[in-house]
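What's counted below: heavy atoms across the whole structure, side chains too, no hydrogens, waters or symmetry copies.
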Amino acid sequence: MSTIAVAPLTIEDAEVLVTAARRAAEAAGVRVSVTVLDAGGHLLAFRRDDQAVLISGETSTRKAYTALQLDSATADLVEAVQPGGLFHTLPTALDRPLLFIAGGVPVHRDGRLIGAIGVGGGMPDQDHGFAVAAGESLS
């Protein structure tokens with residue numbers, strides 16, 4: 001059995017992600033905070049715009065953490081936490097609460113999960129778009 005090595009998410013990658021998300025947000029006239037986590041959930045990069053909503057830093061981090069833990073964009077998970085949804089009790093079952101609001105996106109390389117990016121400060125659909133645009137910048 002052979003194992004294929006995949007390069008981990010580096011600090012340089014994280015800086016590319018943060019810059020791309022910030023530029024996408026600025027182009028839309030939105031001030032955001034951006035968090036990038038590696039595959040182990042460790043903080044690689046964080047940027048909070050002083051003009052962004054104060055809680056945007058916390059939301060960007062929780063969105064990234066949620067996307068990483070479930071290997072899915074948070075925008076795709078919103079319905080799952082509604083009453084009767086697959087994850088209805090999950091957000092309160094963990095030590096670190098998950099946040100099911102669009103804006104968290106897992107980052108993959110060669111089909112493997114290497115980290116996640118979370119963006120907070122805009123409307124959820126905007127944050128999702130900024131995170132997706134950032135993820136595409138690594139391609």
Just checking Leu43: does its CG atom have more than 12 heavy atoms from other residues, nucleotides or ligands closer to it than 6.0 angstrom? yes

Arg109 side chain to Pro8 main-chain N or O, any donor-acceptor pair under 3.5 Å? yes

Does a donor on one side chain sit under 3.5 Å from an acceptor on the other, for Ser60 and Thr35? yes

Considering all heavy atoms, the nearest Ser33-Ser56 contact: OG-OG, 2.7 Å

Are Phe46 and Thr61 packed together at the side-chain level, in the sense that at least one heavy-atom pair is separated by less than 4.5 angstrom? yes

Does the Arg48 side chain pair with the main chain of Val34, one donor and one acceptor, at a distance under 3.5 Å? no

Short question: side chain of Lys63, backbone of Val119 - any donor-acceptor pair under 3.5 Å? yes

Counting C-beta onward and ignoring hydrogens, is there a side-chain heavy-atom pair between Val36 and Leu9 closer than 4.5 Å? yes

How far apart are the closest heavy atoms of Val107 and Leu138, and which atoms are they? CG1-CD1, 3.9 Å

Check whether any side-chain N or O of Asp38 sits under 3.5 Å from a backbone N or O of Gly115 as a donor-acceptor pair, and report yes or no. no

Tell me if a side-chain donor or acceptor on Gln126 pairs with a main-chain N or O of Met123 at a distance below 3.5 Å. yes

Any side-chain heavy-atom pair of Asp127 and Val32 under 4.5 Å: yes

CZ on Phe130 to CG on Leu17, rounded to 0.5 Å: 15.5 Å

I want to check something: taking the side chain as every heavy atom from C-beta on, are Thr19 and Arg22 in contact at a cut-off of under 4.5 Å? yes

